[in-house]
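Below: one structure, written as structure tokens.
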Amino acid sequence: SLFRYLALVSEELTFAGFHAKIHELAPAAEREIMTIADKWFNEGHAKGRVEGRVSLLSKLLTLKFGELPEPYRVRIAAANLDELDTWAERVLSAATLDQVFAE
């Protein structure tokens, strides 16, 4: 918990810097701690990818179709990467929101 807190609150601490500090302060626990840190990094990276796609898809849909109705915003927010990619591809050829989100 402490290491996660440090990583979250320290905006200037890079992943490499975090690793170096762990090596310096807790060399015996370095492997276990870095395995946990890698997991957190990967989870954060995946979350960032989804958030970026949600933002971009929402913007594209709004530009093409106007303000998005709530059910579409909810659906986009709950989507996985594959769904977001499929819908983003459909934006180019779809004439309606329903065509973008068709099964």
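The first residue of the sequence shown is numbered 1, and numbering continues consecutively from there. The structure presented is a predicted model; accordingly, all values stated were derived computationally and were not measured.
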Does a salt bridge link E103 with R75, judged by any charged N lying under 4.0 Å from a carboxylate O? yes

Tell me if a side-chain donor or acceptor on R90 pairs with a main-chain N or O of D85 at a distance below 3.5 Å. no

Would you say L60 ends up clustered with V74 if hydrophobic residues are merged whenever their side chains have heavy atoms under 4.5 Å apart, either directly or through other cluster members? no

Residue pairs fulfilling side chain to side chain donor-acceptor pair (under 3.5 Å) with at least one residue in residues 54-71, sequence neighbours excluded: E67-R73, E70-R73

Go through the steps to decide whether V100 and T86 satisfy the test side chain to side chain contact (heavy atoms under 4.5 Å, CB included), and finish with yes or no. CA-CA 8 Å; V100 172; T86 297; over 6 Å; no

Identify the two heavy atoms, one from L84 and one from I76, that lie closest to each other, and give their separation to 0.1 Å. CD2-O, 3.8 Å

With V91, which of L57, L63, L56 fulfils side-chain contact (heavy atoms from CB on, under 4.5 Å)? L57

Heavy-atom pair of closest approach, residues F65 and A95: CE2-O, 3.4 Å

Distance, nearest 0.5 Å, that separates CG of D98 from OG1 of T96: 5.0 Å

Mind checking what makes ring-ring contact (aromatic ring centres under 6.0 Å, His included) contact with Y72, not counting sequence neighbours? F101

